[in-house]
Amino acid sequence: MARVFVYGTLKRGQPNHGVLLDGAHGSAAFQGRARTLEPYPLVIAGEHNTPYLLQLPGRGRRVAGEVYAVDEQMLRFLDGFEDCPDRYQRTPATVVLEGEGAAGGAQVRCFLYSTATFPPEWARLPCHDDYDSQGAHGLRYNPRECR
Ligand code: PCA
């Protein structure tokens, strides 16, 4: 088992969440909502308006997302789905669990899909903290099935 923190299109209610629910890819168990301990730039970039967490810790904002416990099969599936290591790299990060329960405030080590292989101008894009493909930014994600 591994823990993955998702902050973009894989979150609940976002366009690619279904891949976490598909047992044919392995298993993913929701563990809770969380925020990165460190700030990062979360930008929306590229021709398909894709969310990217830039591997520039200390800049940007603390990013909200969800923690999942995934099996080896799902981890390998997600690596392929996220085009890791070319587009994104799966990197370790510390996140802080939200909520009132005993786990609220706990720091957890997770993997997340960030990128260090981005065009330099992306570092000047506006930073988001809680991605929503339908958000007021107006940068609608172009789903893969539409490309
Ligand atoms: N999918 C991954 C990385 C960015 C994206 O859209 C995620 O939701 O965490």
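We count ligands from 1, going down the list as the structure has it; atoms in each ligand are counted the same way. Here, residue 1 is the first one in the sequence, and each next residue gets the next number.
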Smallest heavy-atom separation, Ala28 atom then Met74 atom, equals CB-CE, 4.2 Å

Among Glu82, His48, Arg87, whose heavy atom sits nearest atom 2 (C) of ligand 1?
Glu82

If you apply the rule side chain to side chain donor-acceptor pair (under 3.5 Å), what do you find for Asn16 with Tyr141, and how did you get there?
CA-CA 10 Å; Asn16 293 327; Tyr141 178 72; 3.1 Å; yes

Think Arg87 forms a cation-pi with Tyr113, using NZ or CZ under 6.0 Å from the six-ring centre and within 45 degrees of its axis?
no

Please confirm whether Lys11 comes within less than 3.5 Å of ligand 1 when only nitrogen or oxygen atoms on both sides are compared.
no

Quick test: of every protein heavy atom, which one is nearest to atom 6 (O) of ligand 1, and how far off is it to 0.1 Å?
Thr9 OG1, 2.7 Å

Would you please name every residue forming a side-chain contact (heavy atoms from CB on, under 4.5 Å) with Arg109, sequence neighbours left out?
Pro92, Thr94

Give yes or no for whether the N/O distance cutoff of 3.5 Å, strictly under, is met between Leu10 and ligand 1.
yes

Could you tell me, atom by atom, which parts of ligand 1 come under 4.0 Å of a heavy atom of Pro51?
4 (C), 6 (O)

Is the Tyr88-Tyr52 ring centre distance short of 6.0 angstrom?
yes

Any nitrogen or oxygen of Phe5, main chain or side chain, under 3.5 Å from a nitrogen or oxygen of ligand 1?
no

Geometric N/O contact Tyr113 with ligand 1, under 3.5 angstrom
no

Would you indicate which of Phe111, Tyr68, Tyr88, Tyr141 comes nearest to atom 4 (C) of ligand 1 when only heavy atoms are counted?
Tyr88

Can you report which non-hydrogen protein atom sits closest to atom 9 (O) of ligand 1, along with the distance?
Tyr7 N, 3.0 Å

Taking Leu54's backbone N and O only, do any of them form a donor-acceptor pair with Ser114's side chain (distance below 3.5 Å, no angle check)?
no

Heavy-atom nearest neighbour in the protein, as seen from atom 7 (C) of ligand 1, with distance rounded to 0.1 Å:
Gly8 N, 3.5 Å

Within 45 degrees of the ring normal and closer than 6.0 Å to the centroid, is that where the cationic atom of Arg12 sits relative to Phe30?
yes

